[in-house]
Amino acid sequence: MITPHSVNDFSKQMHSMPEVTPSLGGVNQICYDNASPTLLNLLLLPAIKQLGQQAKWMLWLTPENKLDRSWLEHSGISLSKSVQIPMLNDEQKMDSMIQAIKSGNYSVITVWLDSTLTRDQQNSLDFLAKESDTVVFILHKNSPPNRSARHISHQKIPTFAFL
């Protein structure tokens, strides 16, 4: 038997439910190929631009190369809220990324890593990022199959992004 319910009853139930605010934070691992810069230009940069509209900073943890300022400006990304730290190894980048996430001062962190994260690292970083409402983009360059790690190029940021 179907029993009728008043719209007012449903409305009262909805008002008594606790409000849940979803976290904007989280870790996103992205593989890219230098031959196809579309991923960065059409998908990633607009997301970073939107996140950059928050009051927080944007952090770029890159290899030793410097980002091309005109490329960022052309993409609509605020240079006044961007911090780039060029680093040589993944360990430095991981340490800096964890400290930045824990600080809660960054809306978005973009980092280029040579290595992939373990499941535990991914879960730990994701938890921290959600806690601080930080979106983290971890970029990995696609490497050709059957190529040993010692032969992989150290240039991880697409050349169109640099001076």
Side-chain angles (χ1 to χ4, degrees), residues 17-34 36-68 71-72 75-159 161-162:
M17 296 176 105
E19 187 173 319
V20 178
T21 306
S23 170
L24 296 176
V27 174
N28 307 281
Q29 293 194 66
I30 301 169
C31 293
Y32 72 92
D33 185 347
N34 269 350
S36 176
T38 306
L39 174 72
L40 288 176
N41 282 336
L42 298 179
L43 301 176
L44 186 59
L45 290 177
I48 292 171
K49 177 184 173 184
Q50 184 175 0
L51 290 164
Q53 293 174 357
Q54 296 179 20
K56 297 180 178 183
W57 292 86
M58 294 177 284
L59 178 62
W60 305 80
L61 299 174
T62 66
E64 62 276 1
N65 306 49
K66 284 190 121 182
L67 289 170
D68 183 347
W71 177 70
L72 291 175
S75 302
I77 294 174
S78 171
L79 295 177
S80 64
K81 291 172 42 177
S82 292
V83 177
Q84 181 196 4
I85 303 174
M87 302 187 165
L88 298 177
N89 66 50
D90 282 1
E91 186 178 333
Q92 291 173 322
K93 291 177 197 171
M94 286 293 293
D95 290 343
S96 295
M97 179 174 38
I98 290 168
Q99 288 176 6
I101 293 170
K102 286 181 177 180
S103 77
N105 294 327
Y106 297 91
S107 58
V108 61
I109 298 171
T110 307
V111 59
W112 281 260
L113 293 178
D114 294 330
S115 59
T116 57
L117 299 178
T118 66
R119 174 75 67 193
D120 288 341
Q121 287 174 321
Q122 169 80 29
N123 291 339
S124 176
L125 287 171
D126 198 51
F127 175 79
L128 291 172
K130 285 178 180 171
E131 221 175 38
S132 67
D133 284 336
T134 304
V135 175
V136 179
F137 293 111
I138 299 175
L139 303 174
H140 301 282
K141 183 177 178 184
N142 283 335
S143 56
N146 300 325
R147 196 169 177 190
S148 69
R150 64 190 162 137
H151 291 106
I152 295 176
S153 168
H154 290 288
Q155 182 178 352
K156 294 295 171 189
I157 301 176
T159 54
F162 292 102

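When a residue number appears, it is its place in the shown sequence, counting from 1.
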Handout entry: Heavy atoms of other groups near Q92 CD, more than 12 under 6.0 Å
Key =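 It does: Q92 CD has more than 12 such atoms within range.
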Handout entry: NZ/K81: more than 12 non-hydrogen atoms of other groups inside 6.0 Å
Key =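 Counting neighbours around NZ of K81, more than 12 heavy atoms of other residues, nucleotides or ligands fall under 6.0 Å, so yes.
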Problem - W112 backbone acceptor or donor facing K93 side chain under 3.5 Å - result: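 Answer holds: yes.
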Practice task
Any chance you could measure L45, atom CG, to F137, atom CZ, to the nearest 0.5 Å?
Solution key: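 Between L45 CG and F137 CZ, I get 9.5 Å after rounding to 0.5 Å.
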Handout entry: Interatomic distance, N89 atom CG to L113 atom CG [nearest 0.5 angstrom]
Key =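 Going from the CG atom of N89 to the CG atom of L113 covers 10.5 Å.
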Enumerate, atom names and distances included, each donor-acceptor pair closer than 3.5 Å involving a side-chain atom of residues 54-61, sequence neighbours excluded.
from: K56; atom 1: NZ; to: G104; atom 2: O; distance (Å): 3.4
from: K56; atom 1: NZ; to: S132; atom 2: O; distance (Å): 2.9

Close side-chain approach of [X] and [Y], heavy atoms under 4.5 Å:
X	Y	value
Q53	S78	no
M94	M97	yes
L44	I30	yes
S96	I85	no

Handout entry: Residue that, paired with I138, satisfies side-chain contact (heavy atoms from CB on, under 4.5 Å) out of N28, I109, V111, T110
Key =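 Looking at N28, I109, V111, T110, the match for I138 under the side-chain contact (heavy atoms from CB on, under 4.5 Å) is V111.
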Practice task
Measure across A129 and V136 and return the closest heavy-atom pair with its distance rounded to 0.1 Å.
Solution key: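 Heavy atoms only, the tightest pair is CB-CG2, 4.2 Å.
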Problem - Minimum heavy-atom distance between T134 and I101, given as atom pair plus value - result: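 Here T134 and I101 meet closest at OG1-O, 4.3 Å.
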Result block: side-chain N/O donor-acceptor pairs under 3.5 angstrom for residues 115-123, not counting sequence neighbours:
from: S115; atom 1: OG; to: D90; atom 2: OD2; distance (Å): 2.9
from: T118; atom 1: OG1; to: Q121; atom 2: N; distance (Å): 3.1
from: T118; atom 1: OG1; to: Q121; atom 2: OE1; distance (Å): 3.4
from: Q121; atom 1: OE1; to: T118; atom 2: N; distance (Å): 2.8
from: Q122; atom 1: OE1; to: Q29; atom 2: NE2; distance (Å): 2.4
from: N123; atom 1: ND2; to: R119; atom 2: O; distance (Å): 3.4

